Amino acid sequence: MTTAEQTVDRDAGFDEDDAVRSMTCREAMREALSAALSDDPRVLLMGEDVGKYGGCFAVSAGMLDAFGPERVRDTPLSESAFVGAGIGASIGGLRPIVEIMTVNFSLLALDQIMNNAATLRHMSGGQVGVPLVIRMTTGGGRQLAAQHSHSLEGWYAHIPGLKVVTPSTAQDFRWMLPRALEDPDPVLVFEHGGLYAARGDVTRADPHTSNEVAVVRRPGGDVTIITYGGTLPTALGAAATLADAGIDAEVIDLRSLRPLDDATIIESVGRTHRVVVVDEGWRSGSISAEISSRIVESAFFELDAPPARVCTAEIPLPYPRHLEQAALPSEERVIAAVRAVLDDRIVDGTVARSEMP
Amino acid sequence: MTATIAADHLFRMPTLGADMDEGRVAQWLVSPGDAVARGDLVAVIETDKSDIEVEVFEPCVFEEFLVDIGELVPVGTPIARIRPLGPESPVDAVLVEAPPVDAVPVDAVRMDAVPPVDAVPVVDARSMPTDRRMTPRARRLARDRGIDVAALASGGPITGDDVLRLEAVGHVEAPAPPPGVEGARRRPETVRAAIASLMEKSWRSIPHYHVSALVDVTEAEHRLAEYNRSLPPSERVLIGALLDLAIARAAADVPECNGWWREGEFVPAPAVDLGIVVSLRTGGVLVPTIAGADQLSAAALMGRLRELVERARRGRLRGSDLGEASITVTSLGESSARTLAGVIHPPQVTLVGLGGVADEAVVRSGEVRPRRIVHATVAGDHRAHDGLSGAKLLDRLRHHLEDLP
């Protein structure tokens with residue numbers, strides 16, 4: 001791929017504001033990175049194998065040639081060091097994008113992320129911010145076994161001082177990055193490894209006003225399915241199957257796990273009165289637990305059924321494909337959970353309707 | 001019942017059936033100062049469905065009435081101050097000598113259900129008995145809109161949609177009638193709403209199957225005529241009572257048809273408590289219950305039937321008439337309609353529908369003969385049992401009819 005193809009000329013792009021292009025999430029993120037490097041000389045990309053190798057998941061393929069080794073930097077296998085370097089660079093005025101190969105390796109940099117990036121603005125009385133973007137691949141389903149298949153975004157969403165976003169569509173892979181770079185504080189971008197090859201439409205400008213709003217990906221009136229990232233296709237697939245059975249599920253893509261868009265969640269539950277949270281994280285202490293709890297706190301008197309959750313089995317993720325798939329949230333499990341919360345309304349497989357005043 | 005309730009010597013608005021949460025005293029059958037014995041009728045309580053005569057279970061003296069006639073009060077509200085009488089004390093004796101109050105058993109006055117300790121001042125879902133669960137949304141809607149959910153069927157939690165549906169059919173809290181209206185009238189529109197809600201819930205949630213059989217009652221009618229020959233009209237047994245008894249005994253033989261569907265599983269009933277559908281002249285139906293029906297003689301069951309029909313049509317069912325049935329029978333009696341494929345009364349799992357008796361041509365031993373035939377149809381809850389059980393119930397019905405009266 002040539003530099004010309006990689007680089008987006010924003011001025012030229014305005015002529016085609018309405019143009020919608022189909023691309024994979026990998027291509028969308030590559031375009032987002034290239035655009036950021038083109039647009040802002042303060043931006044650099046650093047991480048293991050992002051340069052010569054083109055990125056472990058080929059996201060940054062060709063970018064070393066396009067932008068040179070100063071701005072696309074291969075780092076040693078030392079997460080704590082290069083995340084720390086990214087923090088220092090951002091304090092010094094640059095806008096680094098640090099790529100961590102997979103989420104498990106971020107644990108080696110947890111001290112930098114949690115004790116430095118997340119805290120410095122507060123500990124300095126507002127004098128020192130850390131405008132750092134950290135990208136990492138998350139999630140299972142690709143037979144990478146127990147050490148490379150975690151979904152720890154819910155963990156990171158626990159930490160004040162961080163923002164956690166989870167793109168789930170090509171559109172969000174393209175447009176969440178520039179918004180993250182605009183943020184004066186650290187933003188963690190969790191890219192589900194199963195989504196890189198997924199294709200979707202990308203517009204010439206971000207259709208959303210913020211990274212921090214949840215989006216209704218499928219409107220529906222019978223039940224709200226809340227999810228994010230890698231399980232969005234699972235939830236949408238389940239909703240399509242349920243629609244064939246006459247059950248009209250609404251699917252909300254959270255997009256941001258910290259902050260959470262409570263308003264969108266509560267508004268939807270206020271209409272459907274039933275909710276299923278789908279989360280690839282483990283159930284105990286998960287983001288799905290947080291969401292369920294907020295719904296009970298804020299919408300208790302709207303509920304016609306207890307909130308249900310579909311999470312990953314609480315085991316280190318197995319390597320064999322059939323065991324791994326059995327452990328992860330599946331369309332079948334989402335469908336079963338939806339049917340369970342709709343139990344008293346389902347007659348002959350479809351939701352009983354009644355005319356309301 | 002707790003000692004607190006016994007100690008305060010209050011007679012409270014009883015729960016007359018699982019779906020009652022408020023009621024009115026339509027009439028006192030005692031006066032202040034009257035002493036009553038166990039089993040005496042003391043008041044007529046008006047509920048949404050019916051007027052019910054309330055008995056006391058232990059001797060006591062009614063000292064003072066605490067509510068006005070016709071005043072709508074939640075279940076558990078004190079409606080009279082009483083002075084319990086010890087079980088050893090004959091009523092006449094204690095009228096001159098006050099009894100030792102401490103000797104009174106805790107449940108000196110007891111109805112068929114324990115009233116909640118916390119009397120609530122307005123229609124409030126929290127006063128619902130625990131077996132009628134409501135979702136948080138349903139509770140909020142019922143409270144905010146003043147909707148009395150007593151008319152909703154039991155089985156599964158009451159949802160917000162159920163409450164809105166009830167509101168849509170106009171079943172909101174009825175205004176209290178003027179005080180002093182004698183035996184305040186049962187409200188037919190409320191009965192209709194209760195039936196509507198129950199039947200809708202049944203048809204929506206229960207996968208019904210129906211199986212039918214022809215029941216030849218020719219011989220039974222002959223035996224019955226013989227049996228009735230020497231009896232005065234008031235003691236004669238009707239063929240309908242024989243069929244009801246045969247159904248009750250058949251239900252004892254086919255236990256999977258006799259019980260309730262609760263929380264996703266079948267719960268067999270410990271006895272055959274037969275619900276009898278009684279149609280009202282004002283429209284609608286009531287379903288009083290004959291407890292232990294399979295153990296009764298034909299004459300005893302006929303006696304219970306006469307009482308129940310008479311009291312139901314007068315709108316004066318007693319609390320003891322409204323026990324929870326384990327299986328229900330509905331009959332078209334003298335009608336020319338032949339087959340009744342009914343709707344199950346949840347949470348029961350079986351309803352037997354009987355058409356009228358009529359002459360039919362039946363082939364017996366290669367010959368066509370006129371016989372007296374009733375079409376019996378089992379409506380079964382297919383979650384709880386299968387068509388074979390319904391067919392078995394009909395076989396056992398025919399078998400038991402051979403031994404009756």
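Protein chains get the first letters and strands the later ones, always in sequence-line order, with residue 1 at the start of each. Every value quoted in this text rests on a predicted model; they were computed, and no experiment measured them.
- A distance of 4.5 Å separates CG in D304(A) from CZ in R137(B), rounded to the nearest 0.5 Å.
- The minimum heavy-atom distance linking R140(B) with E302(A) is given by the pair NH2-OE2, 3.0 Å.
- More than 12 heavy atoms of other residues, nucleotides or ligands lie within 6.0 Å of CZ in R271(A), so this atom counts as buried by the packing criterion.
- Taking a 6.0 Å sphere around NE2 of H158(A), one finds it holds 12 or fewer heavy atoms contributed by other residues, nucleotides or ligands.
- A 6.0 Å sphere centred on CH2 of W260(B) holds more than 12 heavy atoms belonging to other residues, nucleotides or ligands.
- Here the OG1-NE2 distance, from T159(B) to H273(A), works out to 9.0 Å after rounding to the nearest 0.5 Å.
- In this structure, CZ in R143(B) is found 5.5 Å from CZ in F301(A), a value given to the nearest 0.5 Å.
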